[in-house]
Amino acid sequence: MAARASATAPMFAALGDPVRLGIVLRLCREGPLTTMTLQEGTSVTRQGVSKHLRLLEDAGLVASERDGRDRLWRMEAARLAELSRMLERISAQWDARIDRLRKFVED
Amino acid sequence: MSQGKIEKKIVLKASRERVWRAISESQNFGVWFGVDFDGPFVVGKTLKGRIMPTQVDPEVAKMQEPYKGTPFEIVVEIIQPMERFAFRWHPFGGENDEPMTLVTFHLTEADDGVLLTITESGFDKLDPARRAEAFTGNEGGWEHQCKLIEKYLTLGKP
């Protein structure tokens, strides 16, 4: 089991790569998928996909279990949902402040 | 947003000087933002203040009322006249052991006014789980969580 990091830096680093971002979006939309399925239709080797998946697992974003000779991967959505909610809240606060700045300078 | 920073771009229909003064003069800043500072913005200095309801919007002022008097603190990082103003702060209030984020206001020309870019970065050092009561609970089902994540991951992308 991957250790839980307390800061979110590993999550941001994990999501900063287009291949990993694509994996996360696919797991979100399609539910649990095997390494083989995730590799299909991409130009990444199976080894490459496995490396990406391990990094995502270390960042606490996905979890896996054995599936015969393959592995089945699923989203660990709770922490990413927390992060999303936090950034949405802050984004909304800035929208409100911008409104007030506009009122102050454009009058 | 997936880089751990928030960026807002707006065009303000006002002169560069007016926008700069609204942002870089602590008294003016306080009027719209909603904070009463103890002095001017000085590079490298920590400036304290208290939350004070905004003077430009009575509705918002009402909502800010319960927080009136709450201590507020920033560390000024950059003052480049007419161009850039930046400070560090605790986005959720004064918890000294939490990392600070960096807020930057960048001014450039626009066709009909001033293009202001506001950036807040450093979220990769924060831990939303510390704010559990604000950002967790009400998780919703799997589908709800994934919608939220997808929105966050694809925000700002064409």
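Basis for what follows: all heavy atoms, side chains included, without hydrogens, waters or symmetry-related copies. By convention in this document, chain letters (A, B, ...) are assigned in the order of the sequence lines, proteins followed by strands, and residues within each chain are numbered from 1.
- One finds the CZ atom of A:Phe12 at 12.0 Å from the NZ atom of B:Lys5 (value rounded to the nearest 0.5 Å).
- Neither the backbone nor the side chain of B:Val114 comes within less than 4.5 Å of any heavy atom in chain A.
- Note on B:Val75 and B:Phe72: separate hydrophobic clusters, where clusters join Ile, Leu, Val, Met, Phe, Trp and Tyr whose side-chain heavy atoms are under 4.5 Å apart, directly or indirectly.
- More than 12 heavy atoms of other residues, nucleotides or ligands sit less than 6.0 Å from atom CD of A:Glu40.
- By the neighbour-count criterion of 12 heavy atoms within 6.0 Å, atom CD of A:Gln47 is sparsely surrounded, having that number or fewer from other residues, nucleotides or ligands.
- Heavy-atom contacts from other residues, nucleotides or ligands closer than 6.0 Å to CE of B:Met82 number more than 12.
- Neither A:Ile23 nor A:Leu55 shares a network with the other; the hydrophobic side chains, linked directly or stepwise wherever heavy atoms of I, L, V, M, F, W or Y lie under 4.5 Å apart, form separate groups for each.
- B:Leu102 and A:Met86 fall into different hydrophobic clusters, defined by Ile, Leu, Val, Met, Phe, Trp and Tyr side-chain heavy atoms under 4.5 Å apart, directly or through other members.
- For residues 96-105 of chain A, heavy-atom neighbours of chain B at less than 4.5 Å comprise A:Arg97, A:Ile98, A:Arg100, A:Leu101, A:Arg102, A:Lys103, A:Phe104, A:Val105, sorted by residue number.
- In the hydrophobic clustering of ILVMFWY residues, with side-chain heavy atoms under 4.5 Å counting as a link, B:Phe85 and B:Leu47 come out together.
- Clustering ILVMFWY residues whenever any of their side-chain heavy atoms sit less than 4.5 angstrom apart, transitively, puts B:Val42 in a cluster other than the one holding B:Trp89.
- With a 4.5 Å cut-off on non-hydrogen atoms, B:Glu120 touches chain A through its side chain but not through its backbone.
- Open room surrounds CZ on B:Arg21; 12 or fewer heavy atoms of other groups in view lie less than 6.0 Å from it.
- A:Trp94 CH2 to B:Ile118 CD1: the interatomic distance, rounded to the nearest 0.5 Å, is 5.5 Å.
- Heavy-atom contacts from other residues, nucleotides or ligands closer than 6.0 Å to CD of B:Glu59 number 12 or fewer.
- Contacts from residues 29-41 of chain B to chain A, taken as heavy-atom pairs separated by less than 4.5 Å, involve B:Val31, B:Trp32, B:Phe33 in sequence order.
- Heavy atoms of B:Leu12 lying under 4.5 Å from chain A belong to its backbone as well as its side chain.
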